[in-house]
Amino acid sequence: MENYNRLVARCNKIARLGQLAGLAGWDQQTYMPPGAAEARGEQLAVISELIHEMTVADETSQLISSAEAEIAGMDSDSDEVRSLRVVRRGHELATKIPGHLVAEASRHQSVAMPLWAQARAESDYSKFAPALEKSIELARQVAEHLGYKDHIYDALIDQYEIGATRADVAKMYADLTPHLVSLTAAIRDAKPNDDSVLMGNFPIDRQQSVTLDIVKSLGYDLNRGRQDIAAHPFCSGFSRDDVRITTRFNSEFLQQALYASLHEAGHAMYEQGIPASLNGLPISNAASLGIHESQSRLWENQVGRSRAFANWAFPTLQAAFPESLGNSNAEAYYKAVNVVRPSYIRVEADEVTYNLHVALRFELECALLSGELSVKDVPSAWNARMEKFLGITPPNDSLGVLQDVHWSIGLIGYFPTYSIGNIVSAQLWNAASREIPDLCRLVETGQFSPLLYWLNTNVHAHGCKFLPSEIVLKATGEPLNPAYYVNYLNTKYGELYGL
Ligand code: ZN
């Protein structure tokens with residue numbers, strides 16, 4: 001096992017470098033003085049270059065081959081076999097794409113992102129279209145180098161959600177979209193619910209302490225984490241013992257910071273929950289973006305937007321903000337955090353409409369990559385789908401096709417991971433509810449540890465030893481099944497809107 005051990009040690013070194021880069025990136029978005037941007041960019045570039053060099057080096061490649069020979073014949077579910085599979089995949093992803101293409105893509109991103117930002121600010125798609133054309137062309141080249149069996153999209157999505165294919169995702173949306181469209185339409189025709197209870201005066205210092213108290217109650221370990229402020233909420237882990245979250249505060253709208261904190265704490269508890277026994281092994285990472293998002297969504301929505309949670313959290317919130325919440329109650333709060341309103345912007349969308357925004361992007365990406373849709377026709381294709389799915393047409397491209405940063409920074413094939421996360425969250429919640437007696441009552445009384453323990457055992461414990469599809473199967477007893485998400489939404493919103 002000498003070569004295997006040497007390989008693991010080498011991978012561990014590479015991982016440590018990545019963690020330090022992550023720490024520098026966290027600082028960049030939280031406390032770094034603005035004047036340091038250029039120097040930080042150079043520092044991070046040096047680390048990425050080092051990581052890439054070490055990953056593709058002949059030494060790594062030789063160690064992989066000799067380690068594979070050493071472990072031949074071992075159980076295919078052993079840590080050793082699974083670790084080597086993870087290392088080989090990382091090595092192949094890094095070596096299949098030629099250096100000049102990586103450099104070209106990186107140069108393109110630094111040009112395309114400001115063009116996108118300008119186009120969005122001016123709501124002028126023509127300023128972004130040439131950059132998008134190039135992004136699509138580069139994505140096509142990357143996909144050809146990575147290789148795929150059926151559809152060019154397969155190569156791209158596999159980078160973010162290992163094992164997922166265009167056909168899987170198309171089937172997922174075929175199962176999901178018609179239900180979401182009809183539920184959205186039914187809610188649009190129903191008597192609207194009121195969310196005015198969430199608007200008022202919510203001093204930021206009190207929001208800071210109350211959000212932190214709440215995520216601590218859920219099980220976010222502040223001895224191995226902290227919460228800071230950033231323009232865009234995120235979670236960043238530099239080992240299982242240092243997983244940090246950020247949120248953003250709006251003194252007139254309570255929902256924003258609290259639900260960003262719940263979401264990011266869900267991500268953080270996943271990384272904190274990966275067992276110490278996997279430390280230093282290549283399988284000690286999260287399984288995929290979709291599985292990561294299932295954890296954030298589960299705590300944000302299945303827990304945080306439940307009536308049980310409202311009953312538990314409202315008295316704390318009321319005590320913190322007596323001026324604004326003094327005359328309200330838990331039921332009004334529950335209705336308010338679950339208001340459904342078709343809207344133009346994905347990141348502000350409610351649970352019912354959110355995945356329609358993502359389905360739209362998936363369809364357009366596939367059509368762009370296969371050449372069925374040309375870049376100049378994207379805004380009209382976007383608006384037509386918004387009308388079909390949500391019954392609204394964006395008044396301009398800033399509120400439509402130009403809203404997301406993803407396509408300017410080469411993230412094509414990424415969006416469906418958000419929907420996968422939502423679907424997995426409902427499936428996991430269903431399985432947890434079967435196995436934990438009285439789960440809702442536990443949430444209502446602030447006892448979150450049985451749920452966290454269940455997630456620790458059934459999801460977090462695996463790291464990335466298994467494929468995302470294997471984790472879903474092990475944890476829930478069946479493959480990814482959108483029916484749980486559809487049932488969850490139909491039941492909850494049917495009752496909320498009297499459908
Ligand atoms: Zn997330």
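Just follow the structure's listing: the first ligand is 1, and inside any ligand the first atom is 1.
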Original post:
How would you list, by chain and number, every residue that makes a side chain to side chain contact (heavy atoms under 4.5 Å, CB included) with Arg226, sequence neighbours excluded?
Top reply: Trp26, Tyr31, Asp228, Arg244
Original post:
What is the number of protein N/O/S atoms located under 2.8 Å from the Zn ion (ligand 1)?
Top reply: 3
**OP:** Please determine, by modelled atom types, if His460 and Glu271 share a side-chain donor-acceptor pair under 3.5 angstrom.
**Re:** no
**OP:** List for me each residue that meets side chain to side chain contact (heavy atoms under 4.5 Å, CB included) alongside Glu348, sequence neighbours excluded, and say none if there are none.
**Re:** Ile345
Original post:
Does NZ or CZ of Arg297 fall inside the cone over Tyr354's six-membered ring, less than 6.0 Å from its centre and within 45° of the axis?
Top reply: yes
Original post:
Are more than 12 heavy atoms from other residues, nucleotides or ligands located less than 6.0 Å from atom CE of Met113?
Top reply: no
Subject >> side chain to side chain contact (heavy atoms under 4.5 Å, CB included) partners of Ile157, counting only residues at least two apart >> reply: Tyr153, Glu161, Ala164, Val169, Pro416
